[in-house]
Structures are given as C-alpha cells and as structure tokens.
Amino acid sequence: MSRLEPAVGSFRGRVWEIVRAIPAGRVLAYGDVAMLAGDRKAARAVGGALRAFAGDHDGLPWHRVINSQGSISFRGDLQRATLQRLLLAREGVVISEQGRLEMGRFRANLRALPCYGALDEGAGF
DNA sequence: GCGGTGACACAAA
DNA sequence: ATTTGTGCCACCG
C-alpha cells in the first residue's frame, strides 16, 4: 500500500473506503461521504482527507467528490479543479458552463456504498 | 493539551 | 442567486 494511505479504522481510512467505492459516472458531496463515514458534520474533514491523499491518487476516484452545490470545489487550485472536471467529463458526467451538475441525476446510491453510521432522511434517492 | 488549517455545509441577510 | 458569518471536524505542530 502507499505511504499516504490512512490507517485502517481511522476517519480518513473510512473516507478512503467510501470514495473508493463510488462508481464511475457518479458523484458524492463531501457531506455525503462524511455521513457515510459516520459523522454527518465532518464534511470539512473529508476535504482535508482528500487533500492529504493527493499524490496517492493511484486508483482512488477522488474526482467523484464535489460540494453540496453540485459543483467542483475551487480553493485556489485551478490545476486540480480543471483536472477534476476533465476526469468527470471522461466518465460522462455533464457539467454546465456555470460549472454545475445535476446531483439528482449523478449522485451515487448511498445505499450501495459502505456505511459506518446512520443515513439521514433524504439521503437515499 | 491548545491553536492553526482547510477539496465543507447551512442559515441569514 | 450571491455573499457573509458561524458551526464542525480530523490532523498536525
């Protein structure tokens, strides 16, 4: 395994497992991942986790995680945002000129992903 | 143990 | 629809 891979059992370890299971052509919001990881309010920590995984992208579909607005999170890193958009487009995820996509259409089925906690209502689809 | 840091979320204005 | 402010978290020094 890669050195940057988080410890199994840790929050980031669960994030890794969840993100790894998101099917191609589907996306999940940071908040969704946090919820599945067992902490509904840890969306911010999910972002931190993915940032930490950078460089160890080998096989991890990190690009399938976007913000709750249905858009790619841009935090000063145009490089990453551009690459993310390219990778998503490559999987058939349609993104408007506004940089927005239809969550209702591309959001992954939470019930089909690893879950370490409780799913809030409205979480499924 | 304390105080940043940051790929977030949500309510309020 | 946009912009702010505030809450929340795992990690790292």
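Hydrogens, waters and symmetry mates play no part in the numbers below; they use all other heavy atoms, side chains included. Just so we're on the same page: letters track the sequence lines, and every chain starts at 1.
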It should be established whether A/Ser68 places a side-chain nitrogen or oxygen under 4.0 Å from OP1 or OP2 of nucleotide B/dC10.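 Indeed, a polar side-chain atom of A/Ser68 lies that close.
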Between [X] and [Y], is any pair of side-chain heavy atoms under 4.5 Å apart?
| X | Y | answer |
| --- | --- | --- |
| A/Phe53 | A/Pro6 | yes |
| A/Asp39 | A/Tyr116 | no |
| A/Leu113 | A/Asp32 | no |
| A/Val27 | A/Met103 | yes |
| A/Leu119 | A/Leu36 | yes |

Can you tell me the distance, in whole Å, between the [atom1] atom of [X] and the [atom2] atom of [N]?
| X | N | atom1 | atom2 | result |
| --- | --- | --- | --- | --- |
| A/Gln98 | C/dT2 | CD | C1' | 13 Å |
| A/Arg12 | B/dC8 | CZ | C1' | 14 Å |
| A/Gln69 | C/dT3 | CD | P | 12 Å |
| A/Asn67 | B/dG6 | CG | C1' | 14 Å |
| A/Arg14 | C/dC9 | CZ | P | 13 Å |
| A/Phe53 | C/dA10 | CZ | P | 14 Å |
| A/Asp120 | B/dC10 | CG | C1' | 14 Å |

Against A/Val65, only a single residue in A/Val33, A/Ile72, A/Ile18 fulfils side-chain contact (heavy atoms from CB on, under 4.5 Å); can you say which?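 The residue from A/Val33, A/Ile72, A/Ile18 that satisfies side-chain contact (heavy atoms from CB on, under 4.5 Å) with A/Val65 turns out to be A/Val33.
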If you take any heavy atom closer than 4.0 Å to DNA chain C, which residues from residues 35-47 of chain A end up in contact?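 By residue number: A/Asp39, A/Lys41, A/Ala42, A/Arg44, A/Ala45.
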Classify A/Phe11 by what it touches in the nucleic acid, base, sugar-phosphate, or nothing, heavy-atom distance under 4.0 Å.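 A/Phe11: backbone/sugar contact only, no base atoms under 4.0 Å.
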Is A/Gly31 touching bases, backbone alone, or none of the nucleic acid, heavy atoms closer than 4.0 Å?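 It contacts sugar-phosphate atoms only.
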Would the distance check show the side chain of A/Arg20 and the main-chain N or O of A/Pro61 forming a donor-acceptor pair, the cut-off being under 3.5 Å?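 No; zero donor-acceptor contacts below 3.5 Å.
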Main-chain N/O of A/Arg64 paired to A/Arg26 side chain as donor or acceptor, under 3.5 Å: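 Such a contact is absent between A/Arg26 side chain and A/Arg64 backbone.
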Quick check on contacts: within residues 72-97 of chain A, what sits under 4.0 Å from DNA chain B by heavy-atom distance?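 When residues 72-97 of chain A is checked for heavy atoms under 4.0 Å from DNA chain B, the hits, listed by number, are A/Ser73, A/Arg75, A/Arg80.
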Interatomic distance, A/Glu91 atom CD to A/His63 atom NE2 [nearest 0.5 angstrom]: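 A/Glu91 CD to A/His63 NE2: 3.5 Å, rounded to 0.5 Å.
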